[in-house]
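Side chains included, hydrogens not; waters and symmetry mates left out as well; all remaining heavy atoms used. Here, residue 1 is the first one in the sequence, and each next residue gets the next number.
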Amino acid sequence: MKRIEMQLSGGCQCGAVRYHATEMFDNSHLCHCRMCQKASGNIFAALVAAPDDALTWTRGKPSIWKSSELVERGFCANCGTPLFFHHLENGRTNLMIGSLDDPNAFPPHANTCTENMVAWFDTITGIENTGATETNGADWAAAIKESNNQHPDHDTSSWAVRGPDG
C-alpha cells in the first residue's frame, strides 16, 4: 500500500471525538463482512486506512470494543458514531469514510469480504433518486437545520457537546 502525505480530519456526529491524520493509505474499500455490517449498522463499511503513527485524537477518545482477538472497533460513546476498524497487528487504522470531514476524498477502489454482500447490492445505483432533502420536505428540512446538534465538517477550537438526551 502506498502512503500518501495529506492533512485530513474527521470525527463523530456530536463532536465529542475528533481525529487528524497527516498520511493515509490508498486502500479505500467497502467491506461486506458481517462484523462490519453489524458495526456500521449498514450493508457494508466504507473504510480507508491511516498509518497508526500518523493518526492523532484531537478531541476526546473513542470507546473501544474488541470484536475479535485481532480487531478492535472504535466509536463515540456519546452519540454512537462508528469511527474505525483497527487490526491490532498491522500498524494502521481503517477509518469509516463517512466520519471524514470530506468523505468525497476517498472513493472506494474495491469490495472486500463479498461472501456476505447483500444480494441487492448491485442494484442500488439504479433505484429512484428522490432529490435533496429540501426538495422533499422544506418544513422538515428547515426544522432539522434550526435544531441541528451535529458537529460541522471541520475542526473547531471549542464545541459544546450535548449528551445522548439532548
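For residues 115-124, the set of pairs meeting the side chain to side chain donor-acceptor pair (under 3.5 Å) definition, not counting sequence neighbours, is empty.
Annotation for D101 and S9: closest pair OD2-OG, 2.5 Å, computed over non-hydrogen atoms. The two residues F75 and G80 make their nearest non-hydrogen contact at CB-O, 4.4 Å. Summarising the geometry of S63 relative to A77, their closest heavy-atom pair is OG-CB, 3.1 Å, with the distance given to 0.1 Å. Between N94 and L47, the shortest heavy-atom distance links the atoms O-CD2, 3.8 Å.
Looking only at side-chain heavy atoms (C-beta outward), D52 and T93 come within less than 4.5 Å of each other. Between F44 and C36, the closest side-chain pair of non-hydrogen atoms is not below 4.5 Å. The side-chain heavy atoms of D155 and R59, taken from C-beta on, include no pair separated by under 4.5 Å. At least one side-chain heavy atom of H20 sits less than 4.5 Å from a side-chain heavy atom of Q7.
The distance from atom CE of M117 to atom CG of L30, rounded to the nearest 0.5 Å, is 8.0 Å. Atom SG in C14 sits 9.5 Å away from atom CH2 in W159 (nearest 0.5 Å). C79 SG to H151 NE2: the interatomic distance, rounded to the nearest 0.5 Å, is 11.0 Å. Atom CG of D53 and atom CD of E23 lie 6.5 Å apart (nearest 0.5 Å). Taken from CG in N42 to CD in Q37, the straight-line distance is 8.5 Å, to the nearest 0.5 Å. M35 CE to R73 CZ: the interatomic distance, rounded to the nearest 0.5 Å, is 6.5 Å.
With R18 contributing its side chain and T156 its backbone, the two residues share no donor-acceptor pair below 3.5 Å. Distance alone, capped at 3.5 Å, places no donor-acceptor pair between the H29 side chain and the C31 backbone. T81 places no side-chain N or O within 3.5 Å of a backbone atom of C76 that could act as its donor or acceptor partner.
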Evaluation steps, side-chain hydrogen bond (donor to acceptor under 3.5 Å, both in side chains), between H32 and N111:
CA-CA 7 Å; H32 298 267; N111 286 295; 2.8 Å; yes
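Through direct or relayed side-chain contacts under 4.5 Å between Ile, Leu, Val, Met, Phe, Trp and Tyr, L100 connects to I4, M6, L8, V17, Y19, M24, V48, L55, W57, I64, L83, F84, L95, I97, F106.
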